[in-house]
J.: 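The following block contains the structure, expressed as structure tokens.
All of these numbers come straight from a predicted model, not from anything done at the bench. Order of the sequence lines fixes the chain letters, A, B, ..., with proteins taken first and strands second; residue numbering starts at 1 for each chain.
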There are 2 protein chains.
Amino acid sequence: MARPAKIESSALHRKLSDVFRDVGYEGASLALLSEATGLQRASLYHRFPGGKEQMALEVMTGAEQWLGEHILAPLASDAPPEARIRAMIRGLDDFYSGGRQACLLNMLSSPRADRGPFARLIRNALKAWIEALAALLSEAGFDAETARFRAERAVALVQGSLVLARGMDTTRPFRNCLANLERELLAPRSDGAPAPTSA
Amino acid sequence: MARPAKIESSALHRKLSDVFRDVGYEGASLALLSEATGLQRASLYHRFPGGKEQMALEVMTGAEQWLGEHILAPLASDAPPEARIRAMIRGLDDFYSGGRQACLLNMLSSPRADRGPFARLIRNALKAWIEALAALLSEAGFDAETARFRAERAVALVQGSLVLARGMDTTRPFRNCLANLERELLAPRSDGAPAPTSA
DNA sequence: GTCTATAGTAAGATAGAC
DNA sequence: GTCTATCTTACTATAGAC
């Protein structure tokens, strides 16, 4: 080919995402992003005139889209609850590469100063996820309080298992987490009251 | 006072720790650390000739010491299991300021390149915590597998609830987590097998 | 659309006065 | 022990050729 090939946008986003998930926003220098994508810094600025912040924003937006399609949509389908939860679990296993990749929602929540354009995106994504799960649990017969409590706990468990997986350098916590999610979410609420704090 | 006062070491560590917990290692610039401590950069280098890395290492070491004294020691005491768990929970609530402060184990696990002097400390701290909890649960009558599984899940839950608290800008997930820890840890294992993955 | 080359700025770190 | 002043490096970002 005569002129330089335009690197495909989706592949580019993917590679940028990998860097942010690995080293976080502040740790992701343009040198690193350039190396990971195979594009020179100037080329990155051509695609993202807003610089690093725009890259992170687009990556984050892409992740939200992925969340909507592969997690929220299955949770809201008309399949039986067990099937919907299993679909979510497959999505999670895929998204986090079985526990080998961290979560943007965690890795991008530090950029301080204005505390960033990311804060809103992150908050919304977490809320949407929790609410979709809670809606499913309500539909499955749990009272609203229990549904909300279990949903929030499940999301926390996924995030925490990723923190452990990263910190202990093993995917086991994440695999354990996924392996038990369905059972824990749908377990009959006999075993003591969940007792969520109201405020 | 004639000569400049020596700022107390413990207070200094505390302030440095706050910065690292807030913005992570890469985000913690010397300008930020200087501002937070009230010391000029050169003064920080006088105390920490190894620069930022030494600061983070000492902060991390201090946190490990705190973990040993306020979490691991109570877990290994000769009080009844419920009391030991409650002591841990009080320690956690204090350490994380009720969910307002993030965990160093999460915030310092990104520094890449060599992946750092932090990796070992973090891994050890997480393992020690999980093992202390598992030992308590074994002692409380649970089989080794269940004890290990619940211990790891509890630590993941704490970490994850901190991620959520940070991301959603509310301490509720963390408070919920602590409020239910004792019950979840000591619940009779009637409700379906925990089914941990072996490897 | 990609590159090389280069501004301009903020980072980590030192030297030496007090 | 703390400071001001400075060095060096790495970073973000831009200019302009191809």
Side-chain angles (χ1 to χ4, degrees), chain A residues 1-20 22-60 107-108 110-118, chain B residues 1-20 22-60 107-108 110-118:
Chain A
M1 52 185 85
R3 51 183 180 157
K6 175 182 178 178
I7 206 182
E8 207 190 340
S9 182
S10 64
L12 181 56
H13 274 79
R14 174 70 192 261
K15 287 171 180 170
L16 293 175
S17 175
D18 288 346
V19 177
F20 285 118
D22 194 32
V23 302
Y25 183 79
E26 326 269 5
S29 68
L30 286 183
L32 222 56
L33 295 165
S34 166
E35 185 188 12
T37 57
L39 288 179
Q40 294 292 5
R41 274 166 293 199
S43 305
L44 286 174
Y45 276 99
H46 178 74
R47 304 288 196 90
F48 308 93
K52 192 163 86 162
E53 182 169 316
Q54 186 182 350
M55 298 183 215
L57 270 173
E58 288 195 20
V59 160
M60 186 65 208
M107 299 306 289
L108 291 184
S110 70
R112 69 169 193 318
D114 50 6
R115 204 152 201 84
F118 309 107
Chain B
M1 50 185 88
R3 53 186 177 153
K6 175 182 178 178
I7 206 182
E8 205 189 341
S9 181
S10 63
L12 181 55
H13 273 79
R14 174 71 192 261
K15 287 171 180 170
L16 293 175
S17 175
D18 287 346
V19 177
F20 284 118
D22 193 32
V23 301
Y25 183 80
E26 326 270 5
S29 68
L30 286 185
L32 222 56
L33 295 165
S34 166
E35 186 189 10
T37 57
L39 288 178
Q40 295 292 3
R41 272 167 292 204
S43 305
L44 286 174
Y45 276 98
H46 178 75
R47 305 289 195 89
F48 308 93
K52 191 164 85 162
E53 182 169 317
Q54 185 182 349
M55 297 183 216
L57 270 173
E58 288 195 21
V59 160
M60 185 65 208
M107 299 306 289
L108 291 185
S110 69
R112 74 172 187 317
D114 51 5
R115 205 148 200 84
F118 309 107

J.: Counting just side-chain N and O atoms, does Ser43(A) come under 4.0 Å of either OP1 or OP2 of dC3(C)?
T.: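 For dC3(C), OP1/OP2 do have a side-chain N/O of Ser43(A) under 4.0 Å.
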J.: Summarise how protein sits on nucleotides 12-18 of chain C as a single string, 5' to 3': B when a protein heavy atom is under 4.0 Å from the base, S for sugar-phosphate-only contact, - for no contact.
T.: SBBB---
J.: Is any side-chain nitrogen or oxygen of His46(B) closer than 4.0 Å to OP1 or OP2 of dT2(D)?
T.: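 False: His46(B) side-chain N/O out of range (4.0 Å or more) of dT2(D) OP1/OP2.
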J.: The criterion is side-chain contact (heavy atoms from CB on, under 4.5 Å); which residues satisfy it with Ala56(B), sequence neighbours excluded?
T.: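 Ala56(B): side-chain contact (heavy atoms from CB on, under 4.5 Å) contacts with Phe20(B), Tyr25(B), Phe118(B).
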J.: Mind checking salt bridge (Lys or Arg N to Asp or Glu O under 4.0 Å) for Arg41(B) and listing every partner two or more places apart, or none if nothing turns up?
T.: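 In terms of salt bridge (Lys or Arg N to Asp or Glu O under 4.0 Å), with neighbours along the sequence ignored, Arg41(B) is linked to no residue.
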J.: Whole angstroms only, please: what is the CG-C1' distance between Leu33(B) and dA11(C)?
T.: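 In whole Å, dA11(C) C1' and Leu33(B) CG are 12 Å from each other.
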J.: Who are the side-chain contact (heavy atoms from CB on, under 4.5 Å) partners of Glu35(A), not counting sequence neighbours?
T.: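 By the side-chain contact (heavy atoms from CB on, under 4.5 Å) rule, Glu35(A) matches Leu32(A).
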J.: If you measure from CE on Met55(B) to OG on Ser17(B), what distance do you get to the nearest 0.5 Å?
T.: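 Answer rounded to 0.5 Å: 13.5 Å.
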J.: Tell me: CZ of Arg47(A) to P of dG1(C), nearest whole Å?
T.: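 In whole Å, dG1(C) P lies 6 Å from Arg47(A) CZ.
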J.: Rounded to whole Å, please give me the gap between CE in Met55(A) and P in dT12(D).
T.: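 Atom-to-atom, Met55(A) to dT12(D), this comes out as 9 Å.
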J.: Could you check Phe48(B) against Leu33(B) for side-chain contact (heavy atoms from CB on, under 4.5 Å), going step by step and ending with a plain yes or no?
T.: CA-CA 12 Å; Phe48(B) 308 93; Leu33(B) 295 165; over 6 Å; no
J.: Gln40(B) has an atom CD; how far is it from atom C1' of dT2(D), in whole Å?
T.: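 Computing the Gln40(B):CD to dT2(D):C1' distance gives 9 Å.
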J.: Residues two or more places apart in sequence or in another chain: which of them pass side chain to side chain donor-acceptor pair (under 3.5 Å) with Gln40(A)?
T.: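 By the side chain to side chain donor-acceptor pair (under 3.5 Å) rule, Gln40(A) matches no residue at all.
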J.: How many whole angstroms separate atom CZ of Phe48(A) from atom P of dT14(D)?
T.: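 Spelled out: CZ on Phe48(A) to P on dT14(D) is 15 Å.
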